[in-house]
Protein chains: 2
Amino acid sequence: MKLSLTEENYLKAIYHLSDDSAEGVSTNAIAEELSTKAASVSDMIRKLSKKKVIDYQKYKGVQITEAGRKIALQIIRKHRLWEVFLVEKLSFNWDEVHDVAEQLEHIKSTTLISRLDEYLGFPTMDPHGDPIPDENGEIKESPQLPLSEFSENTIGIVVKVPDSDPSLLRHLDKIGMKLGSRIRVIEKVEFDNSALISIDQSKELYLSGEIAKNIMLAIKE
Amino acid sequence: MKLSLTEENYLKAIYHLSDDSAEGVSTNAIAEELSTKAASVSDMIRKLSKKKVIDYQKYKGVQITEAGRKIALQIIRKHRLWEVFLVEKLSFNWDEVHDVAEQLEHIKSTTLISRLDEYLGFPTMDPHGDPIPDENGEIKESPQLPLSEFSENTIGIVVKVPDSDPSLLRHLDKIGMKLGSRIRVIEKVEFDNSALISIDQSKELYLSGEIAKNIMLAIKE
DNA sequence: AAAATAATTTAGATATATCTAAAAATAAGT
DNA sequence: ACTTATTTTTAGATATATCTAAATTATTTT
């Protein structure tokens, strides 16, 4: 199955939006996600439907097919492997990699991506903690909870932060919180849902409830 | 200056064809190079001319401008740096890298390319021995001659082979001749212009005049 | 230098990806 | 259930990149 760059981006958007609800994905939601107009989405939907990567009935929203899901996962695999490369090998900060990875994910070469995977030591998650699907599209997710729901005196490893908000990523970078950081919740403040935490057994600071809700931790202890 | 992927490919083709002669580059030559039709080239030429990356008068062929040359050299820089990456880091054979590099060269990010350059140790030539332009488009070329013109008992380092012919590249790979190989011309055969050579002070073999003409060596001794 | 040949450009089509504005279908409010 | 509002689709345009066929310009041959 050969898809154009644009078709790949649509399919990826539809895959991501499918996670949010079991319902079909609406035309407007896709338009919003891709910063385009509903009319353009309608056109593309018909094309993708003809290629059997989505199911579609007029006015009923779309659902990704198994074939489409496989393709989307391979694009996501490439995106995340390139992100690991950029951060680990080229010393990018994890808040700088998204735009470049967005381009690199469309490079066509199965040899390239399997060699890259090997070169990086077969990583299982990208620098934001998102899991990297394998060649068959399988994902191994570890059990995780938002920091805000951790109780006092428990420890977790940062495994996921939203990669969509640069200002949050910059802030986390500033306080020294990264993927893999060991977080201990020392004290929870009832009044504003903030929490006193320690990062990597050294720095202690208060984290607002708003931020805590966005940090996913793998349960450690 | 922002160019589309297609515009970049046209400009690169025009740059390469400009080397061959001091004359302007003909429409047909560009069409041939890009496996397209003269009519399409005519259209694109007008576009590139409007963007001031080439000079053009109807029916008179095109000449690349200084601005165009700078852009072409940056694309070539990216192409060759990626080739080094593929061969040195991902263990590609040097006859496998062209198609992938052809895609990677269009990734837009100055940070990416300067970090990649640093990561690779600021290489001066790609795996085929072609020089890598610096950020300013400067090229440092070392003095070189085809193997066929070396006299008996002289030594040279393989610095360049045509990257356009996979069958030649595969053959060179098979006989163990690579970029950087130390070649000694032991004996020249007058009858067919072949030559007895040694590769890296070990393997000895006869090389046809046809192949010898295509191997560029830097003069060593 | 006129005729033949080759190269190049234009005119008109097609395919992709997008848009705005209008029409049609669905969902929501009373 | 009927009107209103929202969502989605269609119709018609625009821009890019391509093509074929015809017209035009340049070059070569005799």
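In what follows, chains carry the letters A, B, and so on, assigned in the order in which the sequence lines appear, proteins first and then strands, with residues in each chain numbered from 1. Worth knowing before you read on, the calculation uses all heavy atoms, side chains too, and leaves out hydrogens, waters and symmetry mates.
For B:Lys70, the NZ atom counts as loosely surrounded, since its 6.0 Å shell holds 12 or fewer non-hydrogen atoms of other residues, nucleotides or ligands.
Atom C1' of nucleotide C:dC19 and atom CE of A:Met44 are separated by 14 Å, given to the nearest angstrom. Across the protein-nucleic acid pair, B:Ile30 atom CD1 and C:dA7 atom C1' stand 13 Å apart, rounded to whole Å. Protein atom NZ of A:Lys50 is 12 Å distant from nucleotide atom C1' of C:dA15, rounded to whole Å. The CG-C1' distance, from B:Leu5 to C:dT16, rounds to 15 Å in whole Å. Taking atom CG on B:Leu48 and atom P on C:dT9, their separation rounds to 13 Å, with Å as the unit. Rounded to whole Å, the distance from CD1 on B:Ile45 to C1' on D:dT18 is 15 Å. Taking atom CD of B:Gln57 as the reference point, atom C1' of C:dT9 lies 15 Å away to the nearest angstrom. Distance CG (B:Asp43) to P (C:dA13): 15 Å, rounded to an integer number of Å.
Closest to the side chain of A:Asn28, out of D:dC19, D:dT7, C:dC19, is D:dT7. Among D:dC19, D:dA26, C:dT18, the nucleotide with an atom closest to any side-chain atom of B:Lys60 is D:dA26. Considering only side-chain atoms of B:Thr36, the nucleotide from C:dC19, D:dT18, C:dA25 that sits closest is D:dT18. For A:Tyr10, counting side-chain heavy atoms from C-beta on, the closest listed nucleotide (C:dT18, D:dT8, C:dT10) is C:dT18. Closest to the B:Ala39 side chain, of the nucleotides C:dA11, C:dT18, D:dT9, is C:dA11.
Between B:Glu118 and B:Arg115 no salt bridge is recorded (no basic side-chain N to carboxylate O distance below 4.0 Å). A salt bridge links A:Glu102 and A:Lys12; the closest N-O separation between the charged side-chain nitrogens and carboxylate oxygens is under 4.0 Å. A salt bridge between B:Lys160 and B:Asp130 is present, with a side-chain N of the basic residue lying under 4.0 Å from a carboxylate O of the acidic one.
Remark: D:dT30 base-pairs with C:dA1; criterion is Watson-Crick or G-U wobble with both hydrogen-bond distances under 3.5 Å.
Between B:Phe85 and B:Tyr119, the ring-plane angle classifies as tilted under the 30° and 60° cut-offs.
Phosphate proximity of D:dT18 to B:Lys37: absent, as no side-chain N or O sits under 4.0 Å from OP1 or OP2. For D:dT10, neither phosphate oxygen OP1 nor OP2 lies less than 4.0 angstrom from any side-chain nitrogen or oxygen of A:Tyr59. Phosphate contact (OP1/OP2 of D:dT7, side-chain N/O of A:Ser26, threshold under 4.0 Å): absent. Between A:Arg46 and the phosphate of D:dT10, there is a side-chain N or O to OP1/OP2 separation shorter than 4.0 Å. Phosphate contact (OP1/OP2 of C:dA25, side-chain N/O of A:Lys58, threshold under 4.0 Å): absent. At least one side-chain nitrogen or oxygen of B:Thr27 sits closer than 4.0 Å to the OP1 or OP2 atom of C:dT9.
A pairwise comparison of heavy atoms in A:Val159 and A:Ala218 identifies CG1-CB, 3.6 Å as the closest pair.
B:Ser42 comes within contact range of at least one nucleobase, with a heavy-atom separation under 4.0 Å. Note on A:Ser40: a base of the nucleic acid sits closer than 4.0 angstrom, heavy atoms only.
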